[in-house]
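To keep things clear, I will list the structure first and then write my remarks on it.
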Amino acid sequence: IPPKLRNAYCSIRFVAEKGPINARVSTFKAKSKITGEIHIIKVLTLPSATTLIREDEPPGWEEEDVGATLFIRELLYLCSTQPERVIIDSFIMEDHTLAYSLRNTTTLQAQFTKQKSETEEKSESINIPKIISDVVTELETLWKERKVRGFGASIQMEDIYYDSSKQKYWLGNWT
């Protein structure tokens, strides 16, 4: 986590890490020192510039460029579709690291876990058709615009986020 964000939060807890070796996205939960709210911090770590040069590769986009592009596109998508969720002042680029924070949300995995632990009367049912309809836009963007193929097998329940106040799902971890 870049120092600017590390200084803005306390009780930082690692949640997950995902992505190819050369473009890892780490997710943390932390408490804002200013508001006291729990936020999610997403950090993309790229290798240093010296490791990017390979003479045997043709010119074009490196995997690192694709990872950084998808990371920023996911952030821009969230800014346009859920501006209240993104803490725009938290975005930082520093030493081969990109990072930003979001207001707290939950994943589909956490929602399923919670549902299993609750009794049937108290349990909020998970609406599978709603999940599919909400996430289709992101999948279409990745398919049509980025020409990303074969991603279906790599999408996990922790990649689908849920905002209980708006009852909206979206695909995260585009990298």
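Quick caveat, the model's predicted, so the values are computed rather than measured.
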Which residues satisfy the side-chain hydrogen bond (donor to acceptor under 3.5 Å, both in side chains) test with [X], sequence neighbours excluded?
| X | answer |
| --- | --- |
| Ser11 | none |
| Lys29 | Asn104 |
| Thr27 | none |
| Tyr169 | Gln111 |

Connected via hydrophobic side-chain network under 4.5 Å: [X] and [Y]:
| X | Y | answer |
| --- | --- | --- |
| Val25 | Val43 | no |
| Leu171 | Val136 | yes |
| Ile1 | Phe71 | no |
| Leu75 | Leu5 | no |

Suppose we screen for ring pair (Phe, Tyr, Trp, His ring centres under 6.0 Å). Which residues come up paired with Phe14, at least two apart in sequence or across chains?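 Expected list: Phe28.
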Just how far is it from atom [atom1] of [X] to atom [atom2] of [Y], taken to the nearest 0.5 Å?
| X | Y | atom1 | atom2 | result |
| --- | --- | --- | --- | --- |
| Arg73 | Ser80 | CZ | OG | 11.0 Å |
| Glu84 | Leu78 | CD | CG | 10.0 Å |
| Ile41 | Ile12 | CD1 | CD1 | 5.0 Å |
| Tyr100 | Glu74 | OH | CD | 4.0 Å |
| Ile38 | Ser101 | CD1 | OG | 12.0 Å |
| Ile131 | Ile160 | CD1 | CD1 | 6.5 Å |

side-chain contact (heavy atoms from CB on, under 4.5 Å) partners of [X], counting only residues at least two apart:
| X | result |
| --- | --- |
| Ile88 | Cys79, Val86 |
| Lys168 | Gln82, Asp134, Lys166 |
| Ala8 | none |

Taking the side chain from Ser32 and the backbone from Tyr9, do they hold a donor-acceptor pair closer than 3.5 Å?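 Not a single qualifying donor-acceptor pair exists.
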Distance-only, no hydrogens or angles: does the Lys33 side chain make a donor-acceptor pair with backbone N or O of Asn7 under 3.5 Å?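 At least one qualifying donor-acceptor pair exists.
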Any heavy-atom pair between the side chains of Ile92 and Thr97 that's under 4.5 Å?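 No. Closest side-chain heavy atoms not under 4.5 Å.
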Does a side-chain heavy-atom distance below 4.5 Å link Arg103 with Ile87?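 Arg103 reaches Ile87 side chain to side chain.
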Strictly by ring pair (Phe, Tyr, Trp, His ring centres under 6.0 Å), give each pair with a member in residues 72-93 just once, sequence neighbours left out.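 Every ring pair (Phe, Tyr, Trp, His ring centres under 6.0 Å) pair that includes a residue of residues 72-93, provided the two are not neighbours, is Tyr77-Trp174.
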Suppose the criterion is salt bridge (Lys or Arg N to Asp or Glu O under 4.0 Å): which pairs have a residue in residues 92-102, not counting sequence neighbours?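 Pairs touching residues 92-102 that pass the test: none.
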Taking only residues at least two apart or on different chains, which pairs with a member in residues 1-17 satisfy salt bridge (Lys or Arg N to Asp or Glu O under 4.0 Å)?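 Every salt bridge (Lys or Arg N to Asp or Glu O under 4.0 Å) pair that includes a residue of residues 1-17, provided the two are not neighbours, is Glu17-Arg24.
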CD1/Ile34: more than 12 non-hydrogen atoms of other groups inside 6.0 Å: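 Incorrect, the count does not exceed 12.
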